[in-house]
Amino acid sequence: MQHFISIADYSSTELKDILGLAVRLKDEWKQDGNQPLLENKVLAMVFQKPSLRTRVSFDMAMRHVGGDALYLSPNEIGLGKRESIADVSRVLSGYVDGIMARVFEHEHILQLAHYASVPVINGLSDYNHPCQAMADMLTIYERFSDWSGLNLTYIGDGNNVAVSLAFACARLGLNFTIAAPMGYDIPVEAWMRAEEMAKDTSVRLRKLQDPYEAVRGAQVIYTDTWISMGQEAEAEKRRQLFPPYQVNAKLLAEADPKAIVLHCLPAHRGEEITNEVADGPQSAIFQQAENRMHAEKAILVTLIK
Ligand code: CP
Ligand code: NVA
């Protein structure tokens, strides 16, 4: 039995297999609909934080392949509060065929996986967001027909999304650059992990502070909120620090003219990205959002037996 907790747990070949399946399932779905590959299978979706994309894309992915999904809201099961994570995990394992969870502490998703006897999928933790990175890689593949040798630049906070993106780039052969204010880089442990992974793929990883230098030659520009869920107390401080890291038309003009712009969404228009860029011809953010469903369907079909 496999879980999907981090991109780092999967080899390049395994990731490419899942993404290849995502391409096929998307194509099938657009033509005649999918086969009932997960008929009568049910996914429990445990949320400690809000969501639009993760909730709806997983639910629809299950429906497309003949299965179903149960939404468990933050107040409902009180993960680790009303009941221990170990007990929640063992109880759910008796009812459903898979568990997807969105948590604060990464340790909590690891505990869920440790005690589960069904696959556990990480729908975002404070540390990483692997399903997002899979949708991102699918979107990049659709645009460029490959990953190898492309330059991806992430502008902004070195958060959960940035960590999974760095891992995915290291595995799939994209050179990864982050431009973040001092002190807001990807956590050191994750960076070292990415560097380790990059040795096998000859990927170049760079940490810079100047966003203009960072986007030069980039075919993919990526940004995310300056204030992730759970960081609300730091909102004021962050809003003062991050404005030089806005993805706007002036910054985009420095990138490769073929560059696409990605954002995991929700977007804070006027903060990390301008309307002009988010709605402009280089933006692929809604294709990317749709691809959550296709990438996750491939993950579900791979994991749930
Ligand atoms: N990108 C993403 O995970 O969106 P939600 O928070 O809406 O699920
Ligand atoms: N970094 C953001 C991603 C939201 C999908 C957060 O954690 O809030």
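Just follow the structure's listing: the first ligand is 1, and inside any ligand the first atom is 1.
The H129 neighbourhood of ligand 1 comprises atoms 2 (C), 3 (O), with distances under 4.0 Å to a heavy atom of that residue. The distance from ligand 1 to the heavy atoms of R292 drops below 4.0 Å at these ligand atoms: 1 (N), 2 (C), 3 (O). Below 4.0 Å from some heavy atom of L52 lie the following atoms of ligand 1, by number and element: 5 (P), 7 (O), 8 (O). Taking every heavy atom of S51 and a limit of under 4.0 angstrom, the matching atoms of ligand 1 come to 5 (P), 6 (O), 7 (O), 8 (O). Those atoms of ligand 1 with a heavy atom of R102 less than 4.0 angstrom away are 2 (C), 3 (O), 5 (P), 6 (O), 8 (O).
Residue Y10 places its OH atom among more than 12 non-hydrogen atoms of other residues, nucleotides or ligands, all under 6.0 Å distant.
When the side chains of ILVMFWY residues are joined at heavy-atom separations under 4.5 Å, either directly or via intervening members, L70 and V56 end up in two distinct hydrophobic clusters. Tracing side-chain contacts under 4.5 Å through hydrophobic residues (I, L, V, M, F, W, Y), one never reaches M100 starting from V120; they form parts of separate clusters. L110 and I121 fall into different hydrophobic clusters, where Ile, Leu, Val, Met, Phe, Trp and Tyr are joined by side-chain heavy atoms under 4.5 Å apart, directly or via other members. V103 and F47 fall into different hydrophobic clusters, where Ile, Leu, Val, Met, Phe, Trp and Tyr are joined by side-chain heavy atoms under 4.5 Å apart, directly or via other members.
Under 4.0 Å is where a charged nitrogen must lie from a carboxylate oxygen, and between E213 and R216 no such pair does. Between R239 and E236, at least one side-chain N (NZ, or NE/NH1/NH2) sits under 4.0 Å from a carboxylate O, which counts as a salt bridge.
In this structure, F242 has its ring center closer than 6.0 angstrom to the ring center of Y184.
Within 4.0 Å of ligand 2, counting heavy atoms only, the contacting residues are L124, N159, N160, V161, D224, T225, S228, M229, L265.
Considering backbone and side-chain N/O atoms, C264 comes within less than 3.5 Å of an N/O atom of ligand 1. In terms of polar-atom proximity, R55 is not counted as a contact of ligand 1, lacking any N or O under 3.5 Å from an N or O of the ligand. At under 3.5 Å, not a single nitrogen or oxygen of L124, backbone or side chain, sits near a nitrogen or oxygen of ligand 1.
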Could you go through residues 17-26 and list every donor-acceptor pair under 3.5 Å that involves a side-chain atom there, pairing it with any protein atom two or more places apart or in another chain?
from	atom 1	to	atom 2	distance (Å)
K26	NZ	E142	OE1	3.4
K26	NZ	E142	OE2	2.8
K26	NZ	N291	OD1	2.7

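At the top of the distance list for atom 4 (O) of ligand 1, counting protein heavy atoms only, stands R53 NE, 2.8 Å.
The residue among V56, L265, D224 with a heavy atom at the shortest distance from atom 1 (N) of ligand 1 is L265.
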Worksheet item: Stepwise, does the side-chain contact (heavy atoms from CB on, under 4.5 Å) test hold for D157 with E272?
Response: CA-CA 10 Å; D157 189 23; E272 76 273 4; over 6 Å; no

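At distances below 3.5 Å, not a single donor-acceptor pair connects side-chain atoms of D224 with backbone N or O atoms of V161.
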